[in-house]
Novice: 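Here it is, the structure, as structure tokens.
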Number of protein chains: 2
Amino acid sequence: MAARSKSVRSGNGPANSRGKPTLRTIADITGLAVTTVSRALANAPQISIDTRNRVRQVALDIGYSPDRAAQRLKTGRTNVIAVLLEPHEEILGYGTSVMAGIAKALQGTSYHLIVMPNFLNAANIDAINYIIRNSMADGLIFSRTEPLDPRVMLLSENGFPFVTHGRTELATAHAFVDYDNFTFAYEATRRLIAKGRRKLALISGPAGYTFAGHIQHGFMTAVREAGCAYEILSDIDLDSPAGAIRDRIRRRYAEKDPPDGFACGGEVCALATITGMTDCGLTLGLEYDIVAKQTSQLLGAIQPRVDTIYEDLTATGEHMGRILLRRIAGSTDINELQLLLSPELPFETQAAGAAS
Amino acid sequence: MAARSKSVRSGNGPANSRGKPTLRTIADITGLAVTTVSRALANAPQISIDTRNRVRQVALDIGYSPDRAAQRLKTGRTNVIAVLLEPHEEILGYGTSVMAGIAKALQGTSYHLIVMPNFLNAANIDAINYIIRNSMADGLIFSRTEPLDPRVMLLSENGFPFVTHGRTELATAHAFVDYDNFTFAYEATRRLIAKGRRKLALISGPAGYTFAGHIQHGFMTAVREAGCAYEILSDIDLDSPAGAIRDRIRRRYAEKDPPDGFACGGEVCALATITGMTDCGLTLGLEYDIVAKQTSQLLGAIQPRVDTIYEDLTATGEHMGRILLRRIAGSTDINELQLLLSPELPFETQAAGAAS
DNA sequence: TCGTATGATGAAAACGTTTTAAATGGACGA
DNA sequence: TCGTCCATTTAAAACGTTTTCATCATACGA
């Protein structure tokens, strides 16, 4: 019935130049117009239920899937979420953990996750410019913010949806997920004090990043409250190679008044600290203690058990994904776009909440 | 001069509905036709040098960049390379190392790297089907092949360009980069024997993967040559959590004739082995030795220095990238599509070569 | 002077969608 | 009987490229 008026296609098969079925193929088979098919698949209310079902069935039968390039060209939306991965994230699969979380958040949506590895050119403001200009994605996720992060400024100015892992101190609010590194460091330091340690040392993040400041602040608050001696280990940080940290620990121990308690912002650096101390003939839990941030199962191999405080990077990724989707959908409600994860609370019971 | 005949655009600015300059914008400014502009930017020889330069200059001035969606729709090419990342690769940034290499290979080309994280659904043949059907990419890279890998079969059947990290035993040749795990294991075992160890144990990859078989084969060859006692530690493998390996080592030590030399396929598992042995009061280099495969700087933190054999994952990624580009360009010459990396040779001097 | 080769440019169609605006055909109230 | 409204469906344009096929000077050999 209802034969097409003009330019009837040869057969009913996937009569496409590239071999893949298109809307046109379905239109030919059903005798409907391309418009109707498009609408039916989009579940438009103006198309009768019967037609919608019929079209859906045919689409299923012939294995139709929409051409993303065409959709993208027409709508201007990419259906892509980009993650900016940086060199530092090589260590211990930070990237993969976070990405697993993001992927989880994107599951069931039409969004794809693409990773823009920034391994090559350190100037990552360029990468962001590139993404905006080439409209490579509908939204962006990246990490390790600075207090006055230029990337955040650029994206904000352009109204490009994004979520950061980490806070800034910029006036214009933006979407973020952050771990409460102040509380982490405060708690870690308190634990060291509770273990009877009296000369505490901190290995924090690289200077310049917001989270490094938070860690330092938490550490300082705790040592000052307790009135105990402290130091922040210079020349090294979280990202330093294990060997460098190990050497630094050894050198420090050769000087006077070496620390007997270490707050470590990461696992590798805890590991390196232990190694350095072992070099000096000292035993963890006996002559000194460590409290470290844990993001993987690495320290599970270490003995004796290192005292850790957990940061769930996969959950972080999942939150960032969800928040970004909200932002892309148009939300500007800061309360549902910002999330500060506490070290204590497990993922499930975590509630959204604003932060400074 | 040369005013456009019909439908002259309002101004000379980015008179686009979406605000971004297009070929049309350049055409209006230069007074040329869209066709000519397209050709000029593609550096077509039929366009005069003068025009080419003029067009390029204008494009630069107004910040033109081609719309990938439109190019993609028209040409059918996506300019995208996809990497299938799997859960196991979380450990120690395998994924990120490899991706850094791939990104390096893609640098300067028009290709983008996108990562399809397969964290969620273990059935990753689906992911591949999805990529093929939705033509998400022009080429694919993935790892951990099985001898009769169904993914390889599917891709081969569809003529979809891909490179695997790892070999298969399929009849139809395909592009791959692989590390010579036989030689790695053989060499590692020989080193243990040279250190005077006489009861050797192997921690290999998960059963079913091609590389696990290669490791086992290398190990067996070496122990048989030397005629020394050996065992393959059951119940655990490379991917086992550190705690599980540690426990397994402890249990094994409680039994009779414990091994005094360990060949470990990975760093975390070496670390866990050391921990387990330390639990039993044994010292590395004294009562036992380890030779492990090294893919990161993790073991640099460990003391005493663990004997390792290096696998350069970034180089692997770079090779895979280059080979995939060749394959996409149409090469079917197996000699330039297959590469077996030897443990010994540094990256620079590595030459392409066929493999079994 | 004419036809033709040559070198440069252009018009129009196509890729597969979505969207705007219009058409169709009853049903219904007057 | 006629106009109006509603529910469906459709035609056509558009998104920004690339590509096929034409056009148009100009120069050139005869």
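Each chain gets a letter, A, B and so on, in the order the sequences are listed, and its residues count up from 1. Every heavy atom of this structure was used, including side-chain atoms; hydrogens, water molecules and symmetry mates were not.
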Novice: State which residues pass side chain to side chain donor-acceptor pair (under 3.5 Å) with A/R56; sequence neighbours excluded, sorted by chain then number.
Specialist: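 With neighbours one apart ignored, the set is A/N53.
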
Novice: Tell me which nucleotide among C/dT17, D/dC15, C/dA11 gets nearest to the side chain of B/A33.
Specialist: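 For the B/A33 side chain, the nearest candidate turns out to be C/dA11.
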
Novice: Could you name each residue pair satisfying side-chain hydrogen bond (donor to acceptor under 3.5 Å, both in side chains) that touches residues 33-44 of chain A, not counting sequence neighbours?
Specialist: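 Residue pairs passing side-chain hydrogen bond (donor to acceptor under 3.5 Å, both in side chains), neighbours aside: A/N43-A/R52.
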
Novice: Would you say B/E336's side chain and B/I323's backbone share a donor-acceptor pair under 3.5 angstrom?
Specialist: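 The answer is no, because no donor-acceptor pair under 3.5 Å joins these two groups.
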
Novice: Whole angstroms only, please: what is the CG-P distance between B/N79 and D/dT17?
Specialist: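 For the pair B/N79 CG and D/dT17 P, the rounded distance is 14 Å.
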
Novice: Distance check needed: C/dG16 C1' versus B/K74 NZ, whole Å only.
Specialist: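 To the nearest whole Å, that distance equals 11 Å.
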
Novice: Is any side-chain N or O of B/R39 under 3.5 Å from a base N or O of C/dG10, one able to act as donor and the other as acceptor?
Specialist: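 For B/R39, whose side chain was compared with the base of C/dG10, there is a donor-acceptor pair (under 3.5 Å).
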
Novice: Within this structure, what is the CZ-to-P distance between B/R77 and D/dT19, rounded to whole angstrom?
Specialist: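 Computing the B/R77:CZ to D/dT19:P distance gives 7 Å.
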
Novice: For DNA chain D, what residues of residues 46-57 of chain A have any heavy atom nearer than 4.0 Å?
Specialist: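 Residues of residues 46-57 of chain A that come under 4.0 Å of DNA chain D are, in numerical order, A/Q46, A/I47, A/S48, A/T51.
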
Novice: Would you please name every residue forming a side chain to side chain donor-acceptor pair (under 3.5 Å) with A/H165, sequence neighbours left out?
Specialist: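 Partners of A/H165 by the side chain to side chain donor-acceptor pair (under 3.5 Å) criterion, ordered by chain and then number, come out as A/Y94.
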
Novice: Rounded to the Å, how far apart are A/R68 CZ and D/dT17 P?
Specialist: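 Distance, rounded to whole Å: 21 Å.
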
Novice: Indicate whether OP1 or OP2 belonging to D/dT18 is found under 4.0 Å from a side-chain N or O atom of B/S38.
Specialist: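 Yes, because at least one side-chain N or O of B/S38 sits under 4.0 Å from OP1 or OP2 of D/dT18.
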
Novice: Tell me: CG of A/L23 to C1' of D/dC15, nearest whole Å?
Specialist: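 Distance, rounded to whole Å: 15 Å.
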
Novice: Whole angstroms only, please: what is the CD-C1' distance between B/Q71 and C/dT17?
Specialist: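 B/Q71 atom CD is separated from C/dT17 atom C1' by 18 Å.
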
Novice: Using atom CG of A/D67 as one end and atom P of D/dT17 as the other, report the distance to the nearest whole Å.
Specialist: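 Result: 17 Å.
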
Novice: Please list, chain by chain and in numerical order, all residues satisfying ring pair (Phe, Tyr, Trp, His ring centres under 6.0 Å) with A/Y111, sequence neighbours excluded.
Specialist: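 For A/Y111 there are no ring pair (Phe, Tyr, Trp, His ring centres under 6.0 Å) partners, ignoring immediate neighbours.
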
Novice: Under 3.5 Å, side-chain donor or acceptor atoms of residues 151-159 of chain B against the rest of the protein: list the pairs with distances, not counting sequence neighbours.
Specialist:
unit_1, atom_1, unit_2, atom_2, d
B/R151, NE, B/D149, OD1, 2.9
B/R151, NE, B/D149, OD2, 3.4
B/R151, NH1, B/E86, OE2, 3.0
B/R151, NH2, B/S143, O, 3.3
B/R151, NH2, B/R144, O, 2.8
B/R151, NH2, B/D149, OD2, 2.7
B/S156, OG, B/V152, O, 3.0

Novice: Can you tell me the distance, in whole Å, between the NZ atom of B/K20 and the P atom of D/dA14?
Specialist: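 Distance check: B/K20 NZ to D/dA14 P gives 20 Å.
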
Novice: Nearest to the side chain of B/T36, heavy atoms from C-beta on, is which of C/dT17, C/dC15, C/dT9?
Specialist: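 Selected nucleotide (nearest to the side chain): C/dT9.
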
Novice: Among all residues two or more places apart in sequence or in another chain, which pass the side chain to side chain donor-acceptor pair (under 3.5 Å) test with A/T78?
Specialist: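 By the side chain to side chain donor-acceptor pair (under 3.5 Å) rule, A/T78 matches A/D138.
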
Novice: Between B/T75 and D/dT18, is there a contact of a side-chain N or O with OP1 or OP2 at under 4.0 Å?
Specialist: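 No, because none of the side-chain N or O atoms of B/T75 sits under 4.0 Å from OP1 or OP2 of D/dT18.
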
Novice: Take the C1' atoms of the five end pairs on each side of the helix from C/dT1-D/dA30 to C/dA30-D/dT1, get both axes, and report the angle to 10 degrees.
Specialist: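 Here the local axes at opposite ends form an angle of 70°.
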
Novice: May I ask you to verify if any side-chain N or O of A/T35 is less than 4.0 angstrom from the OP1 or OP2 atom of D/dA11?
Specialist: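 Negative; the distance criterion is not met.
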
Novice: If you draw a 6.0 Å radius around CZ in B/R54, do more than 12 non-hydrogen atoms from other residues or ligands fall strictly inside?
Specialist: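 Check passes, neighbour count above 12.
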
Novice: Sequence neighbours left out, what passes side chain to side chain donor-acceptor pair (under 3.5 Å) with A/T109? Give chain and number order.
Specialist: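 Applying side chain to side chain donor-acceptor pair (under 3.5 Å) to A/T109 gives none.
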
